[in-house]
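Just below is one structure, and these are the notes that go with it.
Numbers restart at 1 for each chain; the letters A, B, ... are given by sequence-line order, proteins then strands. Excluded from the calculations below are hydrogen atoms, water molecules and symmetry mates; all remaining heavy atoms, backbone and side chain alike, are included.
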There are 2 protein chains.
Amino acid sequence: MARLDNCIAMMDEGIGRMREVIPHLPAEQVTLCRLMVMVGARLDDGLGEQIRQHQLNHSEFLTLVMLHSRPDGSSTPGELCEFTSQGSTNMTRIGNALVKRGLISRGASVEDRRCVLMRITAAGRRFVQKLLPPMFPRVEAMFAGFSATDRRQLSRLLRKLARNLDQLDADDAS
Amino acid sequence: MARLDNCIAMMDEGIGRMREVIPHLPAEQVTLCRLMVMVGARLDDGLGEQIRQHQLNHSEFLTLVMLHSRPDGSSTPGELCEFTSQGSTNMTRIGNALVKRGLISRGASVEDRRCVLMRITAAGRRFVQKLLPPMFPRVEAMFAGFSATDRRQLSRLLRKLARNLDQLDADDAS
DNA sequence: AATTCATATTTCACCAGTGAAATAAATTCT
DNA sequence: AGAATTTATTTCACTGGTGAAATATGAATT
């Protein structure tokens with residue numbers, strides 16, 4: 001796989017040439033877009049590899065960790081769909097996979113019996129708690145050389161970007 | 001689709017609870033990771049929608065724009081694979097699709113006759129130049145409220161993160 | 001009680017990308 | 001000249017996810 005650094009250099013050159021052909025190209029913003037997508041995807045790939053070693057795919061992992069981090073360790077498929085950006089079809093499949101491995105249980109909700117409750121099991125919790133710590137060194141290494149201010153800035157800017165994206169989606173919808 | 005803002009709030013709460021269970025969790029870095037992935041993916045989705053209106057998928061678009069931004073408008077499959085993070089199998093398919101639409105041409109290279117040269121056609125250039133400008137307003141809106149300093153900071157931090165990720169990949173390989 | 005709405009599952013056809021293996025052709029090495 | 005290497009294509013089985021439609025069931029509305 002190409003180093004990110006090369007891809008970025010290639011992009012910088014490409015955008016440099018593009019702006020000569022397309023006069024009103026917002027070069028700085030386009031660059032930031034591409035950086036976000038490239039770096040975000042690569043970051044995800046690296047972690048995905050660690051996850052795959054545990055026979056989990058990305059969505060299954062996310063769903064499981066999501067449940068683990070809920071106050072009561074449970075949620076409904078609909079809610080999980082929303083926060084993992086999955087379709088309901090896929091959520092059903094994810095549920096099947098996790099239930100089969102004994103990491104979660106699934107049953108009708110007591111309050112609203114048409115809801116299904118997915119709940120992490122004790123085995124599921126153990127699994128997550130064993131799975132996560134080995135990922136920490138990599139996560140920390142990603143931000144090596146980032147000062148406390150750098151981290152705060154990045155967090156601030158990403159959250160700001162997120163708000164703008166929400167706004168754009170809202171505009172699209174209306 | 002859930003607003004990014006909700007997802008982020010949910011994540012913040014989740015990580016807050018997690019750190020009580022897992023003592024040495026690098027909460028700040030994990031948060032940044034998740035932010036990068038979530039925001040990057042959402043950003044991509046929004047643009048992907050605009051691209052799909054032109055009967056192009058993400059990779060085809062990237063490949064085409066890549067060619068357009070090269071000095072001579074041409075490249076080899078291998079090179080394009082590298083910079084678009086595609087497998088060669090897929091690159092062949094992308095080439096087929098773009099050739100069929102007359103946006104690129106494909107033929108043996110003169111210098112090295114085992115290389116294939118993919119070159120954007122005049123029609124391809126027109127297509128790209130008509131396709132891009134409508135995307136600019138969205139791209140600009142994404143960074144609404146970003147000061148020049150904000151943009152420079154974000155660029156700096158993303159490039160720094162990219163270098164760290166390259167370093168991690170290099171370490172993995174060795 | 002009947003209708004409407006909400007939640008979830010299942011099935012199905014589909015899209016996009018992966019990874020390995022076999023093939024082909026051209027180049028480089030020795 | 002012969003062998004090894006590089007580049008690309010093709011085929012194939014696979015993974016992961018999408019989107020629509022049909023079904024079922026429970027809850028809310030009237």
Side-chain angles (χ1 to χ4, degrees), chain A residues 1-2 37 41-42 44-49 51-64 67 74-101 104-119, chain B residues 1-2 37 41-42 44-49 51-64 67 74-101 104-119:
Chain A
M1 177 137 36
V37 173
R42 182 65 59 96
D44 212 19
D45 283 353
L47 294 175
E49 217 166 304
I51 292 166
R52 218 165 315 119
Q53 294 173 344
H54 299 275
Q55 277 74 51
L56 283 180
N57 70 27
H58 195 133
S59 309
E60 292 162 354
F61 173 76
L62 208 55
T63 302
L64 187 59
L67 285 175
S74 74
S75 184
T76 65
E79 201 178 8
L80 290 168
C81 282
E82 203 176 336
F83 294 112
T84 62
S85 307
Q86 297 293 320
S88 59
T89 297
N90 205 30
M91 197 63 236
T92 299
R93 192 160 55 75
I94 292 167
N96 292 341
L98 294 178
V99 166
K100 194 189 291 186
R101 291 184 60 176
I104 70 168
S105 67
R106 206 167 28 173
S109 160
V110 186
E111 314 94 54
D112 185 341
R113 294 176 45 73
R114 68 204 147 151
C115 288
V116 169
L117 254 198
M118 298 168 72
R119 166 171 283 121
Chain B
M1 176 136 38
V37 173
R42 182 65 58 97
D44 212 18
D45 284 352
L47 295 175
E49 217 166 305
I51 292 166
R52 219 166 313 119
Q53 293 172 345
H54 299 275
Q55 278 74 50
L56 283 181
N57 71 26
H58 194 133
S59 308
E60 291 161 355
F61 172 76
L62 207 56
T63 302
L64 187 60
L67 284 175
S74 74
S75 185
T76 64
E79 202 179 8
L80 289 168
C81 282
E82 202 174 337
F83 293 112
T84 61
S85 307
Q86 298 293 319
S88 59
T89 297
N90 206 30
M91 198 61 236
T92 298
R93 191 160 57 73
I94 291 168
N96 292 341
L98 295 179
V99 166
K100 194 189 294 187
R101 291 184 58 175
I104 69 168
S105 67
R106 207 167 26 172
S109 161
V110 185
E111 313 95 54
D112 185 340
R113 294 174 45 72
R114 70 207 146 149
C115 287
V116 168
L117 254 198
M118 298 169 72
R119 165 170 284 120

Legend entry - Interatomic spacing from CD in A/Glu60 to OG1 in A/Thr63 - rounded to 0.5 Å: 7.5 Å
Inset, instruction - For the side chain of B/Gln86, starting at C-beta, report the closest nucleotide among C/dT10, D/dA8, C/dT18. - result: C/dT18
Legend entry - Heavy-atom check, side chain of A/His58 versus side chain of A/Leu47, under 4.5 Å: no
Legend entry - Nucleic acid footprint by protein, nucleotides 20-30 of chain D - heavy-atom cut-off 4.0 Å, B for base, S for sugar-phosphate alone: B-----BS---
Inset, instruction - Among the candidates D/dT9, C/dT10, C/dG17, find the nucleotide nearest to the side-chain atoms of A/Asn96. - result: C/dT10
Legend entry - Spacing between A/Leu80 atom CG and C/dT7 atom C1', to the nearest angstrom: 13 Å
Legend entry - Validation row: A/Leu80, A/Leu67 side chains within 4.5 angstrom (heavy atoms): yes
Inset, instruction - Could you state the atom-to-atom distance from CG of A/Asn90 to P of C/dT9 in whole Å? - result: 12 Å
Inset, instruction - Go through A/Ser85 and B/Arg42 one step at a time and tell me if the side-chain contact (heavy atoms from CB on, under 4.5 Å) criterion holds. - result: CA-CA 10 Å; A/Ser85 307; B/Arg42 182 65 58 97; 4.2 Å; yes
Inset, instruction - Under 4.0 Å between any heavy atoms, over every strand shown, what does A/Arg52 touch: base, sugar-phosphate, or nothing? Just pick one. - result: nothing
Legend entry - Side-chain heavy atoms of B/Thr76 within contact of B/Leu117, under 4.5 Å: yes
Legend entry - Rounded distance [0.5 Å steps], CD in A/Gln55 versus CG in A/Asn57: 11.5 Å
Legend entry - Side-chain N,O (B/Ser88) to OP1/OP2 (D/dT7) below 4.0 Å: no
Inset, instruction - Would you mind telling me which of D/dG17, C/dT7, D/dA8 lies closest to the side-chain atoms of B/Val116? - result: D/dA8
Inset, instruction - Write down the distance between CD (B/Gln55) and C1' (C/dC14), rounded to a whole number of angstrom. - result: 16 Å
Inset, instruction - Nearest whole angstrom, please: distance from the C1' of C/dA25 to the CZ of B/Arg106. - result: 16 Å
Legend entry - Nearest-Å distance for atom pair CE/P, residues B/Met91 and D/dT6: 21 Å
Inset, instruction - Give the rounded distance in Å between these two atoms: CZ of A/Phe61 and P of D/dG17. - result: 14 Å
Legend entry - Distance, rounded to the nearest Å, where B/Ile94 contributes CD1 and D/dA8 contributes P: 14 Å
Inset, instruction - Take atom CG of B/Leu56 and atom P of C/dA16, then tell me their distance rounded to the nearest Å. - result: 10 Å
Inset, instruction - Taking the side chain as every heavy atom from C-beta outward, state whether B/Leu98 and B/Leu56 have any pair of such atoms under 4.5 Å apart. - result: yes
Legend entry - B/His58 vs A/Met118, nearer the 5' end of DNA chain C by closest nucleotide: A/Met118
